[in-house]
Amino acid sequence: VELLLNPTSKLVGTVTATVETATHGPPRYDLLLHVPGLTYAFSAFRHAAPGLAPADTSYTIRLSPTDGADPSAPQLADAFAGSLRCSVDGTQYSFCDDPSNFYSYPRELGALIVVGERFSVLLPRVDDSGAAAQFRVLRDSDGIIPRFFTGKVRQHLLLISGQWSEGGCIEFVDIDIADASRDVLFRVRESGGTLLLQYRHPVSAFQAFCVALSLVHHAQHQQRTQQQTSDAPCSSFTSVSGLR
């Protein structure tokens, strides 16, 4: 768990991964790492809040392709239960650690904010020793997004940003760099109904998966909204937007 949640080491370089819709078992998305070959990492299961709009959704992220809500699930499914929490309007996403973690308190490990066509990812800043800022969340106001907008913790956050380009690709760039070079920390490309991810230090496998899920969910939200209001075409990423 710590290997998948901790920041990727600088020595590792760029990690390639795939997010795809499961073709068997419960409805879910799977994250596969290319290390080399395909190595299973996480599964995400979507849960809509009862009685609320489909956009009001959370995803449980597990180390098993079986959701822990299933009484027949193997014990491994209960070994980790992180989550991605989605706002009703599809513009804010929080990456949450399993509350039963090593630190014994709820943590947020990142967030994504959508403003217009631009996506911005907020990650706990990692120092040269490899230690990352910790965001303990006991109340809603403790979350990364509300604290960022109040300006209290910006020095402890890394902000990377990007937007979809032609061809279904998006690159998240560190915008804090003083020089003019593009420091791409996360790249995602849509190909044949899957997402191809590339990420590197300090992004973790868990954070990369949450970013990809956020992009999928946002595309779903846009698609539903546009279908309700007009026949206008949807934005770039919709081909893997539906869980079975």
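Numbering of residues begins at 1 and proceeds along the displayed sequence.
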**Prompt:** What orientation do Phe42 and Phe80 show, parallel under 30°, tilted 30 to 60°, or perpendicular over 60°?
**Reply:** tilted
**Prompt:** Nearest heavy-atom pair of Leu109 and Pro124: which atoms, and what distance?
**Reply:** O-CD, 3.3 Å
**Main-chain N/O of Gln92 paired to Ser87 side chain as donor or acceptor, under 3.5 Å** = yes
**Asked** Between CG of Leu196 and NE2 of His34, what distance do you get to the nearest 0.5 Å?
**Response** 7.0 Å
**Prompt:** When rounded to the nearest 0.5 angstrom, what is the spacing between CD1 in Ile160 and CG in Leu123?
**Reply:** 5.0 Å
**Prompt:** Between Tyr93, Phe119, Phe149, which is the residue that forms a side-chain contact (heavy atoms from CB on, under 4.5 Å) with Ile113?
**Reply:** Phe149
**Request:** Search all heavy atoms of Leu4 against all heavy atoms of Ser204 and return the closest pair with its distance.
**Result:** O-CB, 3.6 Å
**Asked** Does Asp30 pair with Arg28 as a salt bridge, N-O distance under 4.0 Å?
**Response** yes
**Between CG on residue Asn6 and CZ on residue Phe206, distance to nearest 0.5 Å** = 12.0 Å
**Nearest-0.5 Å distance, CG of residue Leu33 to CZ of residue Phe209** = 10.0 Å
**Request:** Report yes or no: does His221 contribute a side-chain atom to a donor-acceptor pair with the main-chain N or O of Asp89 at less than 3.5 Å?
**Result:** yes
**Crowding at CG, Leu3 (>12 non-hydrogen neighbours, <6.0 Å)** = no
**Prompt:** Stepwise, does the side chain to side chain contact (heavy atoms under 4.5 Å, CB included) test hold for Phe95 with Val211?
**Reply:** CA-CA 8 Å; Phe95 316 158; Val211 172; 3.9 Å; yes
**Message:** Assess, by modelled atom type and distance only, whether the side chains of Arg147 and Ser141 contain a donor and an acceptor separated by less than 3.5 Å.
**Reply:** no
**Request:** Answer yes or no for Arg154 and Phe148: cation-pi contact, defined as NZ/CZ to six-membered ring centre under 6.0 Å and angle to ring axis within 45°.
**Result:** yes
**Item:** Asp140 atom CG, over 12 foreign heavy atoms within 6.0 Å
**Value:** no
**Request:** Taking the six-membered ring of Tyr105 (Phe, Tyr or Trp), confirm whether the NZ or CZ of Arg136 is under 6.0 Å from its centre and within 45° of its axis.
**Result:** yes
**Fill in**
For Ala205 and Leu31 the tightest heavy-atom approach is O-CD2, 3.7 Å
**Fill in**
Heavy atoms of Gly162 and Phe172 approach each other most closely as N-CD2, 3.9 Å
**Asked** Does Asp142 reach the main-chain N or O of Val137 with its side chain, forming a donor-acceptor pair under 3.5 Å?
**Response** no
**Request:** State, to 0.1 Å, how close Leu112 and Ser214 come at their nearest heavy-atom pair, and which atoms those are.
**Result:** CD1-CB, 4.0 Å
**Message:** Hydrogens and angles aside, do His47 and Asp67 bring a side-chain donor and acceptor to less than 3.5 Å of each other?
**Reply:** yes
